[in-house]
S.K.: 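The structure under discussion is supplied below as structure tokens; questions concerning it will follow.
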Number of protein chains: 2
Amino acid sequence: MNTGSPGMATSKRDHLVDTALALFKEHGFHATGVDRILEASGVARMTLYNNFKSKDELILAALRRQDELFRNELMRQVESREETPLHRLLAIFDVISEGASRPGFCGCTFINACAEYSDLESPAHALAGEHKRLLNAYISELARDAGAEDPERIAQDLSILIDGAMVGAQVTGDAGAVARAKSIAETLLEASLGAPR
Amino acid sequence: MNTGSPGMATSKRDHLVDTALALFKEHGFHATGVDRILEASGVARMTLYNNFKSKDELILAALRRQDELFRNELMRQVESREETPLHRLLAIFDVISEGASRPGFCGCTFINACAEYSDLESPAHALAGEHKRLLNAYISELARDAGAEDPERIAQDLSILIDGAMVGAQVTGDAGAVARAKSIAETLLEASLGAPR
DNA sequence: CCCGGAATAGACTGATCGGTCTAGCGATTT
DNA sequence: AAATCGCTAGACCGATCAGTCTATTCCGGG
């Protein structure tokens, strides 16, 4: 029986999602076979198919987990580091830079998902769009709190910088692009809000 | 016998690369089977394996073709549209915007390749790095001709914007991000070189 | 203590994967 | 006319794919 707290999924299910997410990140979605996930998780085949209708459903669950993990951790870090909305906008790049510097960084999981599922209607691609939209909303909120005239425009601009930074770090294996992106963001915010401090 | 002009590869080989490239762009590398390429190209199985040692080699050939096509077309368009280096830097975004607006646009093929081949040592990933490096060199050259103090920094900044723009267009299916990226580029170039025109 | 649900190992399916091999066709060259 | 070449169709290989089924074991609650 499920002994977890109310609303908490079975431990086996969580473990499956975590393992699958790690493998999907490193090797991609098509290249990661069900057998590999089972071997890495040490879970029986039927346990997977009792918890998920198909591999595709497991992929979606893994993407939802990644969205939750990434956004939660980003907001937590950003808010613990800086107090003012303006500095928090810039702190986003510091958090991402540290993530991109960690060994095993494989770029943005959602960008990678769109690479493998190009169809805009594909559930995986749609989920990636939703993730970017939610991240954009967070940035927009910070920009609004910072007194920006057009927080939506700021959010879109910073989103472009973030995506470009993650791709730059992924392709070169060096997080230097994230630092450059932050510098550009400083220029943009300065132009919109006046010099920070 | 090969009746083409000197240095020209067999027509069948070219056709194979073109077909494979189109399929890789749309469906990805792992998801595109050899059978699909053969069916789409109407070429016999052994013709593929007489021209390429393996599917991996065909993938590399397709990526090399894409690098050649993309950079050649970009430079051709940019140079036919604008005369001054500064305006040419900005024209890059117009050309990319048009590409991203075309139906069937699936993002940057090299970013997508890095998504499927995360290992930095992987030939496909390395080729993507080389492509970005060559594009960066072109931008740097334009920036130098435009009289930039630090053309390398400009090139890296514009590269981040380009990558971010392509990802934005890919995820949302809307080329609006490319226009925003151009606007950011204008701001950056203005700050480095003074107002254009 | 015993029952029921969850998890297990592992055989099994049909399809597809990348890649090899063979036999023959058609045109070109000598 | 014979030999050579690129190309063809299609059988075939072992491996792997996602997914199903069965039979067994484990464990917590009544």
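Here is the naming used below: chain letters follow the sequence lines, and residue numbers restart at 1 for every chain.
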S.K.: Please report the shortest heavy-atom distance between B:Lys132 and B:Asp163, naming the atom on each side.
M.R.: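 Taking every non-hydrogen atom into account, NZ-OD1, 2.8 Å.
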S.K.: Can you tell me if the side-chain N/O atoms of A:Lys12 get under 4.0 Å from OP1 or OP2 in C:dA7?
M.R.: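 False: A:Lys12 side-chain N/O out of range (4.0 Å or more) of C:dA7 OP1/OP2.
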S.K.: From CZ of A:Arg13 over to P of C:dA6, roughly how many Å is that when rounded to an integer?
M.R.: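 So the two atoms are 14 Å apart, to the nearest Å.
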S.K.: Salt-bridge test for A:Arg36 and A:Glu39: reply yes if a basic N is under 4.0 Å from a carboxylate O, no otherwise.
M.R.: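 Salt bridge between A:Arg36 and A:Glu39, a charged N being under 4.0 Å from a carboxylate O: no.
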S.K.: Does the side chain of B:Lys53 get closer than 4.0 angstrom to OP1 or OP2 of C:dG18 through an N or O atom?
M.R.: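 No, B:Lys53 has no side-chain N/O under 4.0 Å of OP1/OP2 on C:dG18.
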S.K.: Figure out the OH/P separation between A:Tyr49 and C:dA7, and round it to whole Å.
M.R.: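 Whole-Å distance recorded here is 16 Å.
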S.K.: Using whole Å, report how far NE2 of B:His15 lies from C1' of D:dG6.
M.R.: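 Nearest whole value for this atom pair: 16 Å.
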S.K.: Among C:dG19, D:dG19, C:dA7, find the nucleotide with the atom closest to the side chain of A:Lys55.
M.R.: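 For A:Lys55, the side-chain atoms sit closest to D:dG19.
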S.K.: Taking atom types as modelled, is there a side-chain donor on A:Ser192 or A:Arg153 under 3.5 Å from an acceptor on the other?
M.R.: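 Side-chain D/A pair, A:Ser192 to A:Arg153: present.
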S.K.: Roughly how many Å is it from CG in B:Leu38 to C1' in C:dT20, rounded to a whole number?
M.R.: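 My rounded result for the distance is 14 Å.
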S.K.: Compare the minimum distances between each of D:dA18, C:dG18, C:dG10 and the side chain of A:Val34, then state the nucleotide with the smallest one.
M.R.: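 Ranking D:dA18, C:dG18, C:dG10 by closest atom to the A:Val34 side chain puts D:dA18 first.
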S.K.: Under a 4.0 Å threshold between the charged nitrogen and the carboxylate oxygen, would A:Arg88 count as salt-bridged to A:Asp145?
M.R.: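 No, this pair does not count.
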S.K.: In whole Å, what is the span from the CG atom of A:Leu16 to the P atom of C:dA7?
M.R.: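 So the two atoms are 10 Å apart, to the nearest Å.
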S.K.: Given C:dG19, C:dT8, D:dA18, which nucleotide is nearest the side-chain atoms of A:Ala44?
M.R.: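 From the listed options, C:dT8 comes nearest.
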S.K.: Go through D:dG10, D:dG19, C:dG18 for me and flag the one nearest to the A:Ser54 side chain.
M.R.: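 Selected nucleotide (nearest to the side chain): D:dG19.
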S.K.: Please give, in whole Å, the distance from D:dC17 P to A:Ile59 CD1?
M.R.: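 Going from A:Ile59 (CD1) to D:dC17 (P), I get 13 Å.
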S.K.: Given D:dG19, C:dG10, D:dA11, which nucleotide is nearest the side-chain atoms of B:Arg45?
M.R.: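 Out of D:dG19, C:dG10, D:dA11, the nucleotide with an atom closest to B:Arg45's side chain is D:dA11.
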S.K.: Rounded to whole angstroms, how far apart are CD on A:Glu39 and P on D:dC17?
M.R.: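 So the two atoms are 11 Å apart, to the nearest Å.
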S.K.: Let me spell it out: for each of A:His30 and A:Met46, pick the nucleotide of DNA chain D with the closest heavy atom. Which residue's pick is nearer the 5' end?
M.R.: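 Counting from the 5' end, the first nearest nucleotide belongs to A:His30.
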S.K.: Just checking B:Asn50: base, sugar-phosphate only, or nothing, at a heavy-atom cut-off of under 4.0 Å?
M.R.: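 The residue B:Asn50 makes no contact with any strand.
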S.K.: When the distance from CG of A:Leu23 to P of D:dA18 is rounded to whole Å, what number comes out?
M.R.: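 A:Leu23 atom CG is separated from D:dA18 atom P by 12 Å.
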S.K.: Against A:Asp94, only a single residue in A:Lys182, A:Gln77, A:Arg81 fulfils side chain to side chain donor-acceptor pair (under 3.5 Å); can you say which?
M.R.: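 Going through A:Lys182, A:Gln77, A:Arg81 one by one, the side chain to side chain donor-acceptor pair (under 3.5 Å) with A:Asp94 is satisfied by A:Lys182 alone.
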S.K.: Out of C:dG19, C:dC17, D:dG19, which has the shortest distance to the side chain of B:Asp35?
M.R.: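 The answer is C:dC17.
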S.K.: Within less than 4.0 Å of OP1 or OP2 of C:dT8, is there a side-chain N or O belonging to A:Thr47?
M.R.: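 It does, given that an N or O in the side chain of A:Thr47 lies less than 4.0 Å from OP1 or OP2 of C:dT8.
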